[in-house]
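Report on one structure; see the data block that follows.
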Amino acid sequence: MTIRDRLGAIFGFNPIPTTILLVLIYAAIFSTVIVTDNLPSVPRNTRGLDLDQAWWDLHQVSARPHSFNSHANDIVRDLILERLEDVASRHPHVTIDYDVISNASWATGLLSTDPRFVYQEGNNILVKVEGTDPAFRESGGFLLSAHYDSVSTAPGTTDDSMGIVTLMQMVEHFAKHRPNRTVIFNFNNNEENGLNGAHTFLQHPWANISDVFLNLEGAAAGGRPVLFRATTIAPLFSWTNNHVPHPHANVIFADAFSRGAVRSTTDYSVYEQAGLDGLDFAFYRGRSRYHTWYDSVSGMEGGKKALWAMMEATQGASLVLANDETVHSQPLPQQERPVYFELFGAALVVFSLEALFITNVVLLSTGPILLVLLAYSKHIVRLKHVSYSEVMKRVGAVAWNSTKFWVALAISIGLQAALIAGYVNLNPFIIHSYPFLVFAFRLIVGFFVNRIEQQKLSILLQIYSFTWVLLIFSTVALRSAEIGSTYVITAWNACAFVGCATGLLEAMTNARGFGIETEAWHENHTYSGSGYHAISTEEEVNEQRSSTRIVEEPEPTETTPLVPRERLRPLPPTPDEGAIGWWILQLLLVVPFPVILVFHISVMVLGAVNQTLTDGNSPASTYSLLSFLAVLLTLPMAPFSINSRPTYTWIAFPFSQESPLKLYFVQTVNLTGSETGSEHTTTAITGPKKFLVRHIIPEFPSAFDKSVTCYDAPDKVGLQTCSWEVDAEMIPSPGGKDTVYNGTDVPWVSYSVDPHETARRSDQHSGSQHAILYPRIHQPTHFQV
């Protein structure tokens, strides 16, 4: 074997080298994305921020649930005020305003089934750090916002105590390192009951100082925080790796909010509606622990590293937003809607939706034309000496290969659909605890369409055609719904175009490298069979080989069999087999970049949606999204498939102590039958129907031998609510059955009606802990406060 033959065996377009290279590329991409997606370590130099102090503050702020209007909420407020007043006492340019004067009223939910009119009186802690530039002391400033209340069921370590302690650190940092622009801090209260603190802040005079904001939030229980949303391009430049060392961001979260896929909201929405530009930065992983007792210092994911991730990014972006002119209000295109995504936690790519649309139009219009011209040129060069019958054979081969690709793609999609049906019907909540295992099976099924295909150029052209069709749909979605996450399809189509172009150029230049040539094979082929060898009798004409080729059989001898054996002609190599160099270039152009983009999104989506089914999200939609991502990940891959048996994830129990099932528990006290005490109480639990009826309600003592009624939850789409009336001994009684009030034992709840004015009533609630009482009155009533 010559050196050429050895090189062709190692680097030629053959199954073994192709598979090895693909495995290395995919392994490198997957491992790098997963490793860089983890929380980064805390550096020795914390750039002037006191992480230990913030960690101690976090323990104090989230020591217990501190919902609005509770004693614990007052304790948290006093703690924050004490720390901030200490900073203000040492820095005269820092001013504190505990705002109890501002008030606001607004209507909410006008298009929902529960429209409301809201009135809120101020209870926010505001801080103003006056900038050094007098031009930006009354306008052009920067707002930092987080809320210090929690829900009554959770200590609120992630939602939103980590945001609060981060703001406390930033107050001290800007007090020591005075910014050019005035910075306003809004430690707002009562966010959990409808973003009320942010609405009230807008009525304060300091609200007019800022034109850009950064909102800190927590919609999970620790982990790595992500940049949820951005209003325009300008403030996003504060999040690049020049300022934020480990940017974690993707426009897919903004798309999910805008399309209603995320059923909650943040103060970002209030500030955006008020006309401010800004960013929404929040924790998003561990949804099953959100608004539960697990949202605590001991229960959150990441510990100190999670807190540092929020502090580090907030500081990096805030220094730019408080000092740099380019991130504030700018002319177009800085005010356009943005498209953004990270690469390996080391870089942030930012461009406008309009730029993406223009790129799509160019690719859709010019790509097919250029490829058709290249294909025509290739045939002119390669087929000018080929007979008509040979041309028709090649056309038929191309048509057959095209059919094989689309059939394989259809089968792969069908298998994905079967997987979706299996999960939805057998074990829809398995993704709750095993998201990566579920996704891995989808990848394995996706490999079906990626078998070894020596007709490399033909498959490249089919993939380009597929991405071109996807690009049409994504361009329509981009223009009509401003869905920026379609940048993945744009990048994939561009890579497929470049791969096809290089493949056509290879065909035009007759590139084969050092491998086996088709013509060489024809010169040396033999018929297998003992004693029979084909003999070539080519004639030389003008020192050139004649196209006429006569194959003769040798004369029989003593060694030949009496009956000739079947003559087997070995299959000729395909046009690409053994070619060196070109296939490697095409593989590097077509595969890595789309896979990097899609896998980044896949990891984020898995972390964000795997525990949302217990919030009422559709299992079919969730699994369909994962299947779509799996197809996008595997289609660029070269040709091999793996068989798998994903039955385990159809039968395993989906919940665990680390990923618990979250339910909603409500007790309703009915006062219609008595003026003192409670007549009867109804208990209601909201959650997934399958687990409510089979596993949960049978374990409640108050539900034993009771008539349980189940119906679709009116306020949580996709979930079921089951309710039943409880016995007298199980009626709720905070502080005990009776409470001493003004020296008299009274029930914990009572009411009375003025006999002279039937529209006037008096309600009294007492107990060892304060709570918010929401009376529901089903007839017109005049209130007197």
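For the numbers below, each heavy atom of this structure counts, side chains included, while hydrogens, waters and symmetry mates do not. Along the sequence shown, the residues carry numbers beginning at 1.
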>> Do Leu58 and Ile164 make a side-chain contact, defined as non-hydrogen atoms from C-beta onward lying under 4.5 Å apart?
In response: no
> Does a salt bridge link Asp615 with Arg287, judged by any charged N lying under 4.0 Å from a carboxylate O?
Replying inline: yes
>> Tell me if a side-chain donor or acceptor on Asn610 pairs with a main-chain N or O of His432 at a distance below 3.5 Å.
In response: yes
> Any side-chain heavy atom of Glu217 within less than 4.5 Å of one from Glu191?
Replying inline: yes
>> Determine whether the aromatic ring centres of residues Phe429 and Phe691 are separated by less than 6.0 angstrom.
In response: yes
> Quick one: is the NZ or CZ of Lys662 closer than 6.0 Å to the six-membered ring centre of Tyr290, and within 45° of its axis?
Replying inline: no
> Can you check whether Arg64's main-chain N or O pairs, donor with acceptor, with His66's side chain at less than 3.5 Å?
Replying inline: yes
> What class does the angle between the rings of Tyr271 and Phe201 fall in, given that below 30° is parallel, 30 to 60° is tilted and above 60° is perpendicular?
Replying inline: perpendicular
> Under 30°, 30 to 60°, or over 60°: which ring-plane class applies to Phe341 and Tyr487, parallel, tilted or perpendicular?
Replying inline: parallel
> Are Asp37 and Arg285 close enough for a salt bridge, meaning some N to O gap below 4.0 Å?
Replying inline: yes
> Of all residues at least two apart in sequence or in a different chain, which pass the ring-ring contact (aromatic ring centres under 6.0 Å, His included) check with Phe281?
Replying inline: Trp239
> What pair of heavy atoms forms the shortest contact from Glu192 to Asp149, and how long is it?
Replying inline: N-OD2, 3.2 Å
> Are the aromatic ring centres of Tyr268 and Phe257 under 6.0 angstrom apart?
Replying inline: no
> Which heavy atom of Gly163 sits nearest a heavy atom of Leu216, and at what distance?
Replying inline: O-CD1, 3.8 Å
>> For Phe704, is the CZ atom crowded, meaning more than 12 foreign heavy atoms sit under 6.0 Å from it?
In response: yes
>> Using modelled atom types and a 3.5 Å cut-off, is there a donor and acceptor pairing between side-chain atoms of Ser70 and backbone atoms of Ser67?
In response: yes
>> So Asn124 and Phe187, do their side chains get closer than 4.5 Å, heavy atoms only?
In response: no
>> Could you check whether Arg337 pairs with Glu272 (Lys NZ or Arg NE/NH1/NH2 to Asp/Glu carboxylate O, under 4.0 Å)?
In response: yes
> Are the side chains of Leu661 and Ile696 in touch, meaning some heavy atoms are under 4.5 Å apart?
Replying inline: yes
